[in-house]
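Residue numbers begin at 1 in each chain, while the letters A, B, ... track the order of the sequences.
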2 protein chains.
Amino acid sequence: MTIAGTGGRPVNAQAGAALKAAALHLIREKGYENVSIAAIASKAGVARQTLYNRWNTKADLVLDAVFEATHNFAAEPVRTESKSGPLLLEEFLTNVFVHLNVDGDILRALIAAAQQDATFQTAFYDSFVQPREKMITALLSEAQARNELSPDRNPEMLSNFIHGAFWYRLLNRKTLDTAFAKEITDEVFRPHADVR
Amino acid sequence: MTIAGTGGRPVNAQAGAALKAAALHLIREKGYENVSIAAIASKAGVARQTLYNRWNTKADLVLDAVFEATHNFAAEPVRTESKSGPLLLEEFLTNVFVHLNVDGDILRALIAAAQQDATFQTAFYDSFVQPREKMITALLSEAQARNELSPDRNPEMLSNFIHGAFWYRLLNRKTLDTAFAKEITDEVFRPHADVR
DNA sequence: TTGATTATTGGACATCAGTCTAATAATAGC
DNA sequence: GCTATTATTAGACTGATGTCCAATAATCAA
């Protein structure tokens with residue numbers, strides 16, 4: 001443990017921003033696998049070590065970059081008196097799918113990286129996956145409170161199903177469109193028999 | 001295009017078997033990411049090029065090896081007069097989860113490899129993913145024919161949901177146990193209101 | 001201005017995947 | 001036995017990741 005001394009050369013914030021921008025630009029152009037760390041550093045006009053000073057792996061950098069660039073995607077759906085649970089879910093999923101049709105390849109690469117690097121896995125889960133899981137869980141719980149969903153159903157489990165449904169399609173490169181958003185919604189909010 | 005001539009040194013079948021065995025052994029011991037292709041070839045007592053003569057990547061080799069070693073896992077469920085659709089599904093999922101609790105790390109690595117290599121992705125999907133998807137689709141279609149499932153539900157979509165549910169948990173390293181198999185089954189076969 | 005401290009840089013280094021090549025080995029047909 | 005053919009082997013080579021290091025640059029405190 002070193003005690004932080006005073007002074008010292010300050011971190012160059014521009015370098016970090018340039019690295020994120022370079023990474024996103026190159027990866028959207030050539031694809032995640034075809035962009036080397038050296039290429040990103042070079043395009044950012046920065047030494048390779050500077051990148052490693054900030055992130056452990058390419059995945060950590062890209063997670064940061066894509067998170068920053070798309071924080072408005074898959075945002076908390078805006079609740080309104082007039083919007084029903086099914087409508088909110090369908091809109092949310094449609095938004096997510098729009099994002100995935102743009103950056104789906106990057107997300108597939110990040111999911112892959114998470115399988116190969118336990119440290120990145122928890123970072124990815126905590127900062128990206130888990131929050132979105134909770135958004136849908138909350139949405140479903142509220143729908144349950146409004147009696148749009150049977151009280152004996154488990155919002156967490158349903159959120160698991162919902163995310164699984166489109167992860168599976170994303171990872172197997174099947175289409176994610178509005179029709180699929182509707183199918184998921186219909187399945188979740190399918191009219192059910194009264195319990196006993 | 002070369003026309004296959006007669007003669008020539010025959011392929012050494014033992015080399016292929018030794019490579020598959022070495023790969024499985026090393027990977028189960030050290031983990032997929034910690035085993036190099038050179039180490040597999042070395043353990044098999046074979047030149048590295050011999051491995052490349054048979055498979056394009058480590059993933060292709062391991063897919064072959066794990067497929068061969070576990071073809072009895074996730075096998076077609078045995079139908080019986082007395083077994084209901086829910087029971088068949090729950091048993092099937094329980095079997096799959098037993099397998100995943102043994103070789104889940106390998107499958108996560110293969111799913112990751114599929115995201116990084118389009119050629120492997122189709123090989124993996126065609127030989128491994130798709131057949132299992134169809135098993136569950138068939139199981140659900142039969143249940144539908146026996147009126148255990150409403151005719152307005154879509155077995156293919158449900159199979160997508162089911163696989164997604166446990167892929168999602170597998171990829172996020174959450175537990176896959178008998179309780180989860182039951183939860184999936186209950187959700188799929190949940191009593192529904194009559195249509196209209 | 002000087003000294004301590006921290007960031008950045010450029011380069012070396014080990015390891016790995018994947019491609020390629022020349023030499024050698026094992027077969028079939030003659 | 002001889003030739004054509006194909007598989008195997010050992011090794012070289014390129015490009016990539018990740019680690020390490022010494023030199024230099026930029027700041028604070030005195």
Side-chain angles (χ1 to χ4, degrees), chain A residues 1-20 22-23 26-27 30-63 109-110 112-120 123, chain B residues 1-20 22-23 26-27 30-63 109-110 112-120 123:
Chain A
M1 271 298 177
T2 63
I3 298 180
T6 106
R9 178 171 176 171
V11 171
N12 179 2
Q14 286 192 349
L19 282 165
K20 283 188 273 191
L26 284 175
I27 284 173
K30 303 184 174 185
Y32 186 90
E33 310 298 334
N34 302 319
V35 175
S36 71
I37 285 187
I40 295 171
S42 167
K43 168 132 189 163
V46 159
R48 207 157 50 92
Q49 182 59 42
T50 299
L51 192 157
Y52 283 112
N53 284 347
R54 290 164 170 72
W55 297 280
N56 290 323
T57 65
K58 186 168 66 167
D60 288 281
L61 160 57
V62 174
L63 173 59
L110 293 182
Q115 309 311 311
Q116 296 162 335
D117 176 347
T119 304
F120 177 68
Chain B
M1 272 296 176
T2 63
I3 298 180
T6 109
R9 178 172 177 170
V11 171
N12 179 2
Q14 287 191 348
L19 283 164
K20 283 187 274 192
L26 285 175
I27 283 174
K30 304 184 173 185
Y32 186 91
E33 310 298 334
N34 302 318
V35 176
S36 70
I37 286 187
I40 295 170
S42 169
K43 167 131 189 163
V46 158
R48 206 156 49 94
Q49 181 60 42
T50 299
L51 192 157
Y52 283 112
N53 283 347
R54 290 164 170 73
W55 297 281
N56 289 324
T57 65
K58 187 167 67 167
D60 288 282
L61 160 58
V62 173
L63 173 59
L110 293 182
Q115 308 312 312
Q116 296 162 333
D117 176 348
T119 304
F120 177 68

Looking only at heavy atoms, what is the nearest atom pair of [X] and [Y], with distance?
X: V35(A); Y: K58(A); value: O-NZ, 2.8 Å
X: R48(B); Y: A41(B); value: CA-CB, 3.8 Å
X: R54(B); Y: A15(B); value: NH2-CB, 3.9 Å
X: A44(B); Y: L19(B); value: CB-CD2, 3.6 Å
X: Y52(B); Y: I37(B); value: OH-CD1, 3.5 Å
X: I40(A); Y: A22(A); value: O-CB, 3.8 Å

Measure from [atom1] on [X] to [atom2] on [N] and round the result to the nearest Å.
X: Y52(B); N: dA7(D); atom1: OH; atom2: P; answer: 18 Å
X: I40(A); N: dA16(D); atom1: CD1; atom2: P; answer: 12 Å
X: W55(B); N: dG18(C); atom1: CH2; atom2: P; answer: 14 Å
X: F120(A); N: dT17(D); atom1: CZ; atom2: P; answer: 15 Å
X: N34(B); N: dA17(C); atom1: CG; atom2: P; answer: 11 Å
X: K58(A); N: dG18(D); atom1: NZ; atom2: P; answer: 9 Å
X: Q116(A); N: dG18(D); atom1: CD; atom2: C1'; answer: 15 Å
X: Q14(B); N: dA7(D); atom1: CD; atom2: P; answer: 17 Å

Below 4.0 angstrom from OP1 or OP2 of [N], is there any side-chain N or O of [X]?
X: N53(A); N: dT8(C); answer: yes
X: R54(B); N: dT8(D); answer: yes
X: T50(B); N: dT9(D); answer: yes

N/O-N/O pairs, protein side and nucleotides 21-23 of chain D side, under 3.5 Å:
none

Difference in axis direction between the ends of the helix from dT1(C)-dA30(D) to dC30(C)-dG1(D), five pairs, 10°
0°

Position toward the 5' end of DNA chain C (nearest nucleotide), A15(A) or A39(B)
A15(A)

Map R9(B) and S36(B) onto DNA chain C by nearest heavy atom, then report which one ends up closer to the 5' terminus.
S36(B)

Both V11(B) and G8(A) contact DNA chain D. Taking the nearest nucleotide for each, which residue is further toward the 5' end?
V11(B)

Between atom [atom1] of [X] and atom [atom2] of [Y], what is the distance when rounded to the nearest 0.5 Å?
X: L61(B); Y: W55(B); atom1: CG; atom2: CH2; value: 5.0 Å
X: D117(B); Y: N56(B); atom1: CG; atom2: CG; value: 8.0 Å
X: D60(A); Y: L63(A); atom1: CG; atom2: CG; value: 7.0 Å

Exam field: side chain Y32(A) to backbone A59(A), donor-acceptor pair closer than 3.5 Å:
yes

Per the atom types in the model, does the base of dT19(D) pair as donor or acceptor with the side chain of R48(A) at under 3.5 Å?
yes

